[in-house]
Structures are given as C-alpha cells and as structure tokens.
Amino acid sequence: GGTFVLAYLEMLDVNTDTLKLIDSRRMHSPCMQLAVHTGDIVDQATAVYDSNWNMDTSAWSAKCDELNVDLAFTDEFGTGKCDNREDANVMFHGNADNTAILRAEWVKFVSLFFDKEQFANEYFALESDAVDAIKNYVEKGIVASLAEKKTCVWVQKSFDGQHYEILHDVYRTSLCTDAGMNAYEGEEGALKKAFAIDTQLEQFHSTIRDYDVVVDESYFYNVSSKNVTDYENNLAFDQLSGETVKAKTGNGGLLLRVDASRGNAMTDDLKESGEVRPALLLNDFVSNVYGGTLSNHDSCPKYFRRADEPEIYVTHENCAALEAADNEKKCVSDLKEEAERLTPSSSVLDSSAVAMRGTMLARIGVSIATTMVVLLTIA
C-alpha cells in the first residue's frame, strides 16, 4: 500500500528473487524502476477505474494467484491487497509514526518476514548514530555561533485551493528542531491550522511573516515549468500582506520545496526513501537551511530544494550511481564520520565561551569608562 514500503525492502536488500509483483505507476526508486525495466519484477496496476470511478482490482489479484504471492504489504485502505489470498495480506503503516527516526525503526518489523533481523538492527543503529551525530554537529558547530536560532514553519495550499495551512504535527516540527531551529507551535492536539484564503489571507501572512525558513508542501503535479515566483505567488506573496513575509525573495528568509527529486508520475522521494533514511533526510534539510555544512554526495537521495533551484528527475539509469554511493558508504557512514570529525570539542566550545564573555566584559568596561568621562565632564 503506497510505495514507501519499497524503501524498507531496499534497505533490507530484499532482491528480485523474493520481490515479484509491484505497481510502479507512482514510484520513485531508481533501482525498483530498473527491476521493472528489465522485467525482473512484474508490473501490474493494483486497481483500475472506469468512467464512473468504480474500482476493479481483479487483475492485480489474478497476478497474486499466478505468482503464488504469500506476502503482500497493504495499508488501511487495502491498497495492493490480494483478494483471493487473505492470509498473505499484511497491513503496514510505518509512516504513521510521528518522528523520522521512529518511522525508520519499522525496518525491524519488515525484517521479520525475511529473516533479516540482525541486518535491520545494524541498519537502524547506523541511522540512529548518524542522526545523533548530525544533531550534535548542528548544535555545537552551527547554532552555537549564531546570535539566535533560526525559526521554521511548514505550510501548504490545500488541494481544493480554499485554504492555506500551517502543518505543525510532531514529524515536521521535530525536523525543524533537530535542524537547530525553533519550530512553529500550534494548538496542542491539532496537526494543522487552516486559514480561509478569501477571508484570512492577511492573518496567514501575519502568522508566518517573521519565520526564517518556510517549508512549502503545496502540490504541483508538474513543476518543470515553475520558478520561485510561481511558488511565491501560489502562497500569495505577491499580495500586499505577503510582500513583507521574510521567506519572499529579497526579504532575508528562505522558501524551501519538498520535491527535490521526482520519479514515476512525479512521485517525490520525501514520501518514499525519506521514510526510512532519517540521517540523509536531516542532513539534506540542514544543508539547504545553512548551506556549505556537511557533505551531501550527488548520488545520495535528495528531498529538499530552495525554491529558486531546479528539481531533479530520476529514472532506472540512476540506479547504478545510487548503489555505488551506498556501497562505498558515501551516504550515511561517511556522513556520520564527517559530522563527528567536524563537531567542535567541549574544550573548544568552552574557550569560545570564555572569549565571548571576555569580549562582553571589555565592552561593558569601555561603556562604564565612557560614562564616567561624560559624568566627570558634566561635573
């Protein structure tokens, strides 16, 4: 159900001897695209619809029977369910958890079906250690040198075009805080705050006006002809109340998009491998926010882009480069080691703090002396 489960299978190195049936219509993975391209995996639509939107899943279920499928990952909507093989269906909803690291931990659950528990534990341990290393680097190597933390908010224009929404679920806000920023705090228990476009536009702009980083999830099927002005206008930054939003070009902030890498049917990798690669997800976010930080190998997955930068498109031809980067440990392992190597030690931070305190005291001393001279002059 949904192609995000493919990322868990790929991380476990489940090969095409085991994986036999897939619906590739909305799939990002270049290596899964390659398997379909070479015929190693049977590609079959899970459902087809007639002119009245009646759903027919019989062709998919027939393939389940033909290939003798004994395990089918589905979801609460029954996507990809093998209708004639009830015992084969397993509902999987790993992306329901509320932080990136918890979503990735579902790799342990998936591993149970393939006798890959040790592999999954090692994989998750590396991801967890890498995330911790990046967070530590951000805190000590970036944020410690800033006068104040940046601020971060996630937004989107609703699919029906009637509302602007601030998305403040734990998953999104925790990405902001893990990247060393202060996140928008919404009403407790709510996942988003909606603003009617026709009556609450000024209130929406006022709410996000001073945020340093605005992450825009507004959906466009095809962004190949879009530019930063299009994205800003979609958020009504061209209107009077939007002209002073900090994230608008020229105002000192940053507008990010979540469609950096696109696959079949313009599927974004954030919703696929982004669910199981929290270290790369966090590092890509950090790299876009602060720029010039930790390495971000060209062949490793990308999730975010600045609104004035182009998206990339992946096909089966990108598989070899991605596999090579992973095999050569250019993605997570090298990233973890680099973060650890570049994180300032406690002694360096203490020295910096002493130096800063000394500078402040010197300035205070000068101010006091100047004041005394003024007073004496007046006397």
Side-chain angles (χ1 to χ4, degrees), residues 2-4 6-7 10 22-37 43 45 49 95 153-165 167 172 175 197 213-239 242 245 247-251 253-275 277 280-281 283-285 287-289 291 296-323 325 331:
T3 61
F4 74 91
L6 294 180
E10 285 191 285
I22 196 170
D23 181 351
S24 72
R25 289 175 299 174
R26 295 175 180 83
M27 180 174 71
H28 181 277
S29 168
C31 293
M32 290 296 182
Q33 288 187 51
L34 179 61
V36 169
H37 180 75
D43 185 19
Y49 298 84
N95 61 352
V153 61
W154 293 60
V155 304
Q156 70 177 8
K157 188 175 185 177
S158 63
F159 289 116
D160 62 9
Q162 300 300 307
H163 297 85
Y164 287 120
E165 297 170 341
L167 311 174
R172 291 171 175 82
L175 277 172
I197 292 177
V213 178
V214 174
V215 184
D216 177 26
E217 282 196 41
S218 300
Y219 179 74
F220 294 94
Y221 176 76
N222 189 347
V223 297
S224 60
S225 62
K226 303 295 182 184
N227 58 37
V228 63
T229 301
D230 295 317
Y231 302 129
E232 291 180 347
N233 291 351
N234 186 59
L235 296 173
F237 288 179
D238 58 332
Q239 300 301 306
V245 172
K248 179 179 170 64
T249 301
N251 292 347
L254 179 64
L255 181 64
L256 291 181
R257 294 279 304 166
V258 297
D259 49 11
S261 182
R262 316 203 89 184
N264 289 351
M266 308 300 177
T267 302
D268 302 327
D269 204 17
L270 179 71
K271 302 296 176 61
E272 196 168 288
S273 80
E275 301 290 357
R277 306 195 77 158
L280 294 181
L281 181 68
N283 182 57
D284 194 48
F285 194 29
S287 296
N288 277 280
V289 170
N296 199 1
H297 194 278
D298 288 343
S299 296
C300 298
K302 303 291 183 292
Y303 308 104
F304 302 93
R305 65 181 173 100
R306 297 186 176 211
D308 60 354
E309 295 179 345
E311 69 284 0
I312 60 176
Y313 295 88
V314 301
T315 68
H316 65 275
E317 295 179 348
N318 297 98
C319 176
L322 173 59
E323 285 191 331
C331 295

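For the numbers below, each heavy atom of this structure counts, side chains included, while hydrogens, waters and symmetry mates do not.
Of all heavy-atom pairs between Ala265 and Arg25, the closest is CB-O, 3.1 Å. The minimum heavy-atom distance linking Asp238 with Asn233 is given by the pair CB-OD1, 3.2 Å. A pairwise comparison of heavy atoms in Val289 and Leu254 identifies CA-CD2, 3.8 Å as the closest pair. Of all the heavy atoms in Gln162 and Asp160, the pair that sits closest is N-OD1, 2.9 Å. Considering all non-hydrogen atoms of both residues, Ala247 and Val214 come closest at CB-CG2, 3.5 Å.
Within the 4.5 Å cutoff, no side-chain heavy atoms of Lys248 are placed close to those of Leu235. By the 4.5 Å heavy-atom criterion applied to side chains, Cys331 and Arg277 are counted as neighbours. Counting only heavy atoms from C-beta outward, the side chains of Tyr219 and Gln156 never approach each other to under 4.5 Å. Within the 4.5 Å cutoff, the side chain of Thr267 has no heavy atoms near those of the Met27 side chain. Side-chain contact check for His28 versus Val314: some heavy-atom pair is nearer than 4.5 Å. Residues Leu281 and Phe304 meet the side-chain proximity criterion, which asks for heavy atoms closer than 4.5 Å.
Between Thr315 atom OG1 and Gln33 atom CD the span is 6.0 Å, to the nearest 0.5 Å. We find the OH-CG distance between Tyr303 and Asn288 to be 12.5 Å, quoted to the nearest 0.5 Å. With values rounded to the nearest 0.5 angstrom, Tyr313 atom OH is found 5.0 Å from Met266 atom CE. Atom CG of Asn264 and atom CG of Asp23 lie 10.0 Å apart (nearest 0.5 Å). To the nearest 0.5 Å, the span separating NE2 on His37 from SG on Cys31 amounts to 13.0 Å. Here the CZ-CD distance, from Phe159 to Glu165, works out to 8.5 Å after rounding to the nearest 0.5 Å.
Checked by atom type and distance alone, the side chain of Asp284 never pairs as donor or acceptor with a backbone atom of Leu280 at under 3.5 Å. In this structure, the side chain of His297 engages the main chain of Ser299 through a donor-acceptor pair within 3.5 Å. Not one N or O on the side chain of Asp43 forms a donor-acceptor pair closer than 3.5 Å with the backbone of Val36. At least one donor-acceptor pair closer than 3.5 Å links the side chain of Asn227 to the backbone N or O of Asp230. Checking side-chain atoms of Glu311 against main-chain N and O of Arg262 turns up no donor-acceptor pair under 3.5 Å.
Between the side chains of Ser218 and Tyr164, no donor-acceptor pair is found at a separation under 3.5 Å. Residues Glu10 and Ser29 bring a donor and an acceptor atom of their side chains to less than 3.5 Å of each other.
When each of Leu270, Asp268, Asp269 is tested with Glu272 by the rule side chain to side chain contact (heavy atoms under 4.5 Å, CB included), just one qualifies, namely Asp269.
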Would Lys271 and Val258 count as a side chain to side chain contact (heavy atoms under 4.5 Å, CB included) if you check the C-alpha gap in whole Å, the side-chain angles of each, and the deciding distance to 0.1 Å? CA-CA 9 Å; Lys271 302 296 176 61; Val258 297; over 6 Å; no
Run the side chain to side chain contact (heavy atoms under 4.5 Å, CB included) test on Arg305 and Val223 for me, step by step, so that the C-alpha distance in whole Å, both residues' side-chain angles and the decisive distance to 0.1 Å come before the verdict. CA-CA 12 Å; Arg305 65 181 173 100; Val223 297; 4.0 Å; yes
Take Leu175 and Val215, measure what side chain to side chain contact (heavy atoms under 4.5 Å, CB included) needs, and give me the verdict at the end. CA-CA 11 Å; Leu175 277 172; Val215 184; over 6 Å; no
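A salt bridge is absent between Arg306 and Asp308: the closest approach of a Lys/Arg side-chain nitrogen to an acidic carboxylate oxygen does not fall below 4.0 angstrom.
When the salt bridge (charged side-chain N to carboxylate O under 4.0 Å, His left out) test is applied to Arg172, the partners found at least two apart in sequence or on another chain are Asp169, Glu217. Arg257 pairs by the salt bridge (charged side-chain N to carboxylate O under 4.0 Å, His left out) definition with Asp216, Asp259, not counting sequence neighbours.
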